[in-house]
Engineer: 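The structure's right below; bear with me while I get my questions together.
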Amino acid sequence: MKNIYPFLNPVQWIRASRFAKKNAKFNKSSYDLELFLYSKILTNNMLHYGYFEDVNIRPETISFEIFEEAQMKYAENIIEHVGDNKHPILDVGCGMGGLSQLLHSKDYQVECLTPNNNQIEFINANYQHLPTHHCKFEQFKTDKRFGTVINSESLQYIKLDEAFEMVDKIMLPDGRWIIVDYFSLHKKGPNQKPHHYDTFYEK
């Protein structure tokens, strides 16, 4: 009976109701814990997992320094595949802007795109020189043509047909589409996340 009492107490019901109403107004997108954590413990403002030369490294031995080095290696691997710096680059799903900033530091013209409110605010506050687009890739509107489009761990959130259609519209004929992402080896149905690798490869 002692355990049941709180559920029967009308005062507790009123408090619970007020608590629910108060929290219903809370917009969880206004405070991104992952972004906050990464911004405090890492210095390169990158959100991707990184490229580890040693695939057998034990997780418990990975320090923040090793993790940052892997993130930088990942970014450098992408930049190696970027074409010349005469044409602008679109970083789709740009995260905190770390990759875009690294490209900018190497004299590339780069623009950031993300639908995430917190990421846009972070980039605008820390990298004011980087042009930003606050929208989903599928809804992106521009007359510009890009020499390179980068999807770094972001293609999995975009329907394949819409992604291909948009890239056809905004990329130069001799441009490059760089995709680094996760794919499923098993077909689970239309619009699965991550995308089915064979379906992607066929398209």
Engineer: Run the ring-ring contact (aromatic ring centres under 6.0 Å, His included) test against Phe52 and tell me which residues pass, sequence neighbours left out.
Structural biologist: none
Engineer: Identify the heavy atoms of Leu47 and Met96 that sit nearest to each other, and give their distance.
Structural biologist: CD2-SD, 3.3 Å
Engineer: Is there a side chain to side chain contact (heavy atoms under 4.5 Å, CB included) between Ile178 and Val82? Walk through the geometry before answering.
Structural biologist: CA-CA 8 Å; Ile178 300 174; Val82 175; 3.8 Å; yes
Engineer: Are the side chains of Lys106 and Ile79 in contact, using a 4.5 Å heavy-atom criterion?
Structural biologist: yes
Engineer: Apply side chain to side chain donor-acceptor pair (under 3.5 Å) to His48 and list each qualifying residue two or more places apart in sequence or on a separate chain.
Structural biologist: none
Engineer: So, His134 versus Asn117: side-chain donor-acceptor pair below 3.5 Å or not?
Structural biologist: yes
Engineer: Who are the ring-ring contact (aromatic ring centres under 6.0 Å, His included) partners of His186, not counting sequence neighbours?
Structural biologist: none
Engineer: Residues two or more places apart in sequence or in another chain: which of them pass salt bridge (Lys or Arg N to Asp or Glu O under 4.0 Å) with Lys73?
Structural biologist: Glu53
Engineer: For the hydrophobic clusters of this structure (ILVMFWY residues joined by side-chain heavy atoms under 4.5 Å, transitively), does one cluster hold both Val92 and Met171?
Structural biologist: yes
Engineer: Tell me who clusters with Tyr182, hydrophobic residues only, linked when side chains sit under 4.5 Å apart either directly or through other members.
Structural biologist: Tyr49
Engineer: Which pairs with one or both residues in residues 82-103 pass salt bridge (Lys or Arg N to Asp or Glu O under 4.0 Å), sequence neighbours excluded?
Structural biologist: none
Engineer: Using the salt bridge (Lys or Arg N to Asp or Glu O under 4.0 Å) criterion, which residues pair with Glu165? Sequence neighbours excluded.
Structural biologist: Lys169
Engineer: If we ignore hydrogens and angles and just use 3.5 Å, is the side chain of Thr61 paired with the main-chain N or O of Arg58 as donor and acceptor?
Structural biologist: yes
Engineer: Using the ring of each side chain (for Trp, its six-membered ring), is Phe164 parallel, tilted or perpendicular to Trp177, with breaks at 30° and 60°?
Structural biologist: perpendicular
Engineer: Not counting sequence neighbours, list each pair that qualifies as a salt bridge (Lys or Arg N to Asp or Glu O under 4.0 Å) and has a residue in residues 194-203.
Structural biologist: Asp161-Lys203
Engineer: List the atom of Val110, the atom of Ser100, and the distance in Å for their closest heavy-atom pair.
Structural biologist: CG1-O, 3.3 Å
Engineer: Just checking, is any N or O donor in the side chain of Tyr108 or Thr148 under 3.5 Å from an acceptor N or O on the other one?
Structural biologist: no
Engineer: Identify, with sequence neighbours excluded, every residue that meets side chain to side chain donor-acceptor pair (under 3.5 Å) alongside Thr199.
Structural biologist: His196
Engineer: Spell out, as yes or no, whether a donor-acceptor pair under 3.5 Å connects the side chain of Gln139 to the backbone of Cys135.
Structural biologist: no
Engineer: Does anything in residues 130-158 form a salt bridge (Lys or Arg N to Asp or Glu O under 4.0 Å)? List the pairs, not counting sequence neighbours.
Structural biologist: Glu111-Lys144
Engineer: Once ring-ring contact (aromatic ring centres under 6.0 Å, His included) is applied, do any residues pair with Phe200, and if so which ones, sequence neighbours excluded?
Structural biologist: Phe183
Engineer: Once salt bridge (Lys or Arg N to Asp or Glu O under 4.0 Å) is applied, what residue pairs with a partner in residues 175-186 remain, sequence neighbours excluded?
Structural biologist: none
